Amino acid sequence: MIGELTPAGGSAPATMGLIQHLFNAGSFVGPTAAAWLATRTGDWHSTCWLTCACTAAGIALSCRLRPRTTAPLSDATAAPCT
């Protein structure tokens, strides 16, 4: 999947780093937002709606991902490793 998300002429490790960075940001912001919501409402039951909203946002964003229009090089045309 990383190869499909990497822009043409881009770097796969840079794409993997961006994905890791976004994952880490979510791991920091998610629990903080849930604790804030639980404090504001007085119980943890309201965090279910936060989880549902984040899930819906993730589904919507993943539906926006499209494969590249140009296919990556096949193994036959790639330079041999020596």
Side-chain angles (χ1 to χ4, degrees):
M1 182 170 176
I2 295 295
E4 295 171 0
L5 294 176
T6 304
S11 171
T15 303
M16 290 173 58
L18 177 62
I19 291 170
Q20 186 68 32
H21 180 73
L22 294 173
F23 176 80
N24 289 338
S27 294
F28 178 75
V29 173
T32 304
W36 175 83
L37 185 61
T39 301
R40 297 285 293 171
T41 60
D43 66 351
W44 285 93
H45 298 288
S46 59
T47 59
C48 176
W49 295 111
L50 176 65
T51 303
C52 291
C54 289
T55 301
I59 291 170
L61 289 172
S62 66
C63 288
R64 297 278 304 161
L65 293 176
R66 288 178 267 155
R68 288 191 299 193
T69 56
T70 58
L73 294 175
S74 68
D75 291 336
T77 58
C81 296
T82 57

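The figures here come from the full heavy-atom set of this structure, side chains too, leaving out hydrogens, waters and symmetry mates. Note that this is a predicted model, so its numbers are computed, not measured.
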Sequence neighbours excluded and cut-off under 3.5 Å, please list the side-chain donor-acceptor pairs for residues 47-55, or say none.
residue, atom, partner, partner atom, Å
T47, OG1, W44, O, 2.6
T51, OG1, T47, O, 3.1
T55, OG1, T51, O, 2.8

- What are the two closest heavy atoms between S46 and D43, and how far apart are they? OG-O, 3.4 Å

- Query: What are the two closest heavy atoms between G26 and P31, and how far apart are they?
  - Reply: O-CD, 4.0 Å

